[in-house]
Amino acid sequence: MLLKNGHLIDPATRTAAPRDIRITNGIITELAQNLVPQNEEEILDLSGLTVAPGLVDTHVHFRDPGLTYKENIHTGSLAAAKGGFTSVICMANTKPTVDSVDTLKDILERAQKENIHIYQTASVSYGLNSEKMTDFDALANAGACGFTDDGIPLLDAVFCYQAMKKAAALHMPISLHEEDKAFITNNGINAGKTAEKLNVIGSPAIAEEVMVARDCMLALQSGAAVVIQHISSANSVELVRTAKKLGADIHAEATPHHFTLTEEALLKHGTLAKMNPPLRTEKDRLAIIAGLKDGTIDLIATDHAPHSTEEKAKPLTEAPSGITGLETSLGLGITSLVKEGHLTLMELLEKMTCNPAMLYRLPGGVIQVNAPADFVVFDPDEIWTVTDFASKSSNSPFTGSELYGKIHYTICGGKIVYRR
């Protein structure tokens, strides 16, 4: 295949220029202007479009095995491709939990049948109970790309530290869900003005901040590559910033909903704006954007969390937390960050391609000769409306929103896996 006349943006090489791209057997074999077609190779004219590395998401829930009425590996991969993602990392809080080699291998074998790259984390503890550490060595040898009990915080500091040291010995990331349940009455709802209007007691930012403060210091002492998942608090951003200055190998994820919305979205969208950690204040939102600008937050991850319509129809305090995110992530980033002047397109893509790929040592995230032919092709200036979803679920507060950044193609391994 020959990709002609596209405008290449590659954060890994800091390239922004017109380039043709030749693909042979799923690999990039030539990068230059005015490449001449050879033999009968397929030509894809990308005039007026931007070509970037396929997006990489470090935090998705495909609900497979055990909760496939919400999503499964196949529908999750379709949603990812539609959103421009060629690589995703699935969380381990499935049923059963990914705490055994058998469960891990089953997922990875089925994932091989899909058209994108699907990677799988293993849990830190058996059954997500924070009591006994899983066999990190066996799980790593079986193909786990990292470790996390996402959805459940590791409240025992000593246990968490031991897990960090083991992950560090294996040179693998450990990702942490930072919410101390002792502070939380109703999860998914910020303890603030909106909660007062709704007459509920919610989840205060301190529930996250005490955990982030602790784990920043544990990261510094353990030497582990620690990921603070879905950061939501201004103070948490500052804690990560300080830990980085001290020399900790610490990373932070920002979700599109946390840099786009505030707690007031609950008044408009109800349970569709309920997630853990919750949407917080405008001060928190702006602090997250500032963290993205200065590099304190180096990952943008969706926390793609599909739920059924029936589940989200329950009362606010009973409905599950989480929203779908794969199909709106790039559009929200361009609309809320690039078009608002907070980040350049290069900076946005850095946090969605090469940064996550480098952290997890994945082969994608870069456009260069001999790299995988994984691309997202889009028009950053084209407006589109969020309507139908490829995901099995549609629990999103962004349905009906107009966003910039229409995706025209997603190409993975040299094959078109999504076209508009």
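Computed from a predicted model, the values in this text were never measured in an experiment.
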Say you draw a straight line from [atom1] of [X] to [atom2] of [Y]; how long is it, rounded to the nearest 0.5 Å?
X	Y	atom1	atom2	answer
Leu359	Leu299	CG	CG	6.0 Å
His342	Leu337	NE2	CG	6.5 Å
Ser393	His307	OG	NE2	8.0 Å
Leu239	Thr296	CG	OG1	11.0 Å
His269	Thr399	NE2	OG1	9.0 Å
His258	Glu253	NE2	CD	11.0 Å

Practice item. Determine whether the side chains of Tyr69 and Glu310 contain a donor N or O and an acceptor N or O closer than 3.5 Å. Key: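 Not at all, the side chains of Tyr69 and Glu310 share no donor-acceptor pair under 3.5 Å.
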Review point. When you check the side-chain N and O atoms of Thr75 and Asn72, is any donor under 3.5 Å from an acceptor?
Key: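 Per modelled atom types, Thr75 and Asn72 side chains form a pair under 3.5 Å.
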Practice item. Please report the C-alpha distance between His257 and Thr260 in whole Å, then the side-chain angles of each, then the deciding distance to 0.1 Å, and finally whether the side-chain hydrogen bond (donor to acceptor under 3.5 Å, both in side chains) criterion is met. Key: CA-CA 5 Å; His257 43 274; Thr260 303; over 6 Å; no
N/O donor-acceptor pair under 3.5 Å between [X] side chain and [Y] backbone:
X	Y	result
Asn276	Gly188	yes
Gln120	Met91	yes
Thr410	Ala81	yes
Lys244	Asp249	no
Thr335	Leu332	no
Thr103	Val98	no
Thr121	Cys90	yes
Ser123	Tyr126	no
Lys312	Pro320	yes
Asp57	Thr302	yes

Which heavy atom of [X] sits nearest to which heavy atom of [Y], and what is that distance?
X	Y	value
Met133	Phe159	N-CE1, 3.6 Å
Ala80	Ile116	CB-CD1, 3.5 Å
Pro372	Ile27	CA-CD1, 4.2 Å
Ile407	Lys82	CD1-O, 3.5 Å
Gly322	Asn395	O-ND2, 3.0 Å
Glu263	Asn190	OE1-ND2, 2.8 Å

Review point. Given the rule in the side chain to side chain contact (heavy atoms under 4.5 Å, CB included) test, do Leu78 and Tyr418 qualify, once you have shown the distances and angles that lead to the verdict?
Key: CA-CA 8 Å; Leu78 294 176; Tyr418 169 78; over 6 Å; no
Check your understanding: Asp303 and Gln229: side chain to side chain contact (heavy atoms under 4.5 Å, CB included), yes or no, with the steps?
Key -> CA-CA 9 Å; Asp303 189 15; Gln229 296 180 301; over 6 Å; no
Practice item. Could you walk me through whether Asp381 and Lys339 pass the salt bridge (charged side-chain N to carboxylate O under 4.0 Å, His left out) test, one step at a time? Key: CA-CA 9 Å; Asp381 298 315; Lys339 295 300 183 180; 2.4 Å; yes
Point to revise | Verdict with reasoning, Asp10 to Arg14, per salt bridge (charged side-chain N to carboxylate O under 4.0 Å, His left out) | key: CA-CA 6 Å; Asp10 179 24; Arg14 311 308 291 180; over 6 Å; no
Practice item. May I ask you to test the Leu326-Ser391 pair for a side-chain heavy-atom distance under 4.5 Å? Key: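 No. Closest side-chain heavy atoms not under 4.5 Å.
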Check your understanding: Any side-chain heavy atom of Leu349 sitting closer than 4.5 Å to one from Leu55?
Key ->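 Heavy-atom side-chain distance check passes, below 4.5 Å.
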Taking only distance into account, with no hydrogens and no angle test, what donor-acceptor pairs under 3.5 Å do side-chain atoms of residues 136-152 form with protein atoms, sequence neighbours excluded?
residue	atom	partner	partner atom	Å
Asp137	OD1	Lys166	NZ	3.4
Asp137	OD2	Lys166	NZ	2.7
Asn141	ND2	Asp137	O	3.2
Thr148	OG1	Asp150	N	2.9
Thr148	OG1	Ser175	O	2.8
Asp149	OD1	Val124	N	2.7
Asp149	OD1	Ser125	N	3.2
Asp149	OD2	Ser125	OG	2.6
Asp150	OD1	His177	ND1	3.3
Asp150	OD2	His59	NE2	3.0
Asp150	OD2	His61	NE2	3.0

Point to revise | Single hit among His304, Glu114, Lys392 for side chain to side chain contact (heavy atoms under 4.5 Å, CB included) with Phe62 | key: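 Per the side chain to side chain contact (heavy atoms under 4.5 Å, CB included) rule, the option paired with Phe62 is His304, out of His304, Glu114, Lys392.
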Review point. What's the verdict on side chain to side chain contact (heavy atoms under 4.5 Å, CB included) for Thr94 and Leu67, showing C-alpha distance, side-chain angles and the deciding distance?
Key: CA-CA 7 Å; Thr94 50; Leu67 298 165; over 6 Å; no
Check your understanding: Under the salt bridge (Lys or Arg N to Asp or Glu O under 4.0 Å) rule, what pairs show up with a residue in residues 270-284, not counting sequence neighbours?
Key ->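 The answer is Glu282-Arg285.
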Practice item. Mind running side chain to side chain contact (heavy atoms under 4.5 Å, CB included) on Ser87 and Tyr119 for me, showing each step along the way? Key: CA-CA 7 Å; Ser87 297; Tyr119 301 92; 4.0 Å; yes
Salt-bridged, [X] to [Y], with N to O below 4.0 Å?
X	Y	answer
Arg110	Asp64	yes
Arg420	Asp379	no
Arg241	Asp294	yes

Check your understanding: Please walk me through it: do Glu71 and Arg63 pass salt bridge (charged side-chain N to carboxylate O under 4.0 Å, His left out)?
Key -> CA-CA 6 Å; Glu71 191 80 285; Arg63 310 298 193 194; over 6 Å; no
**Study point:** Pair Lys415-Asp374, salt bridge (charged side-chain N to carboxylate O under 4.0 Å, His left out): steps then yes or no
**Key:** CA-CA 9 Å; Lys415 298 179 180 178; Asp374 296 348; over 6 Å; no
Practice item. Report, as yes or no, whether the 6.0 Å neighbourhood of atom CG on Leu246 holds more than 12 heavy atoms from other residues, nucleotides or ligands. Key: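 Enclosed.
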Practice item. Give a yes or no on whether Glu264 atom CD has more than 12 heavy-atom contacts from other residues, nucleotides or ligands under 6.0 Å away. Key: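 Counting neighbours around CD of Glu264, 12 or fewer heavy atoms of other residues, nucleotides or ligands fall under 6.0 Å, so no.
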Check your understanding: Which is it for Glu208 and Ser232 under the side-chain hydrogen bond (donor to acceptor under 3.5 Å, both in side chains) test, yes or no, and what are the steps along the way?
Key -> CA-CA 8 Å; Glu208 173 180 296; Ser232 72; 2.7 Å; yes
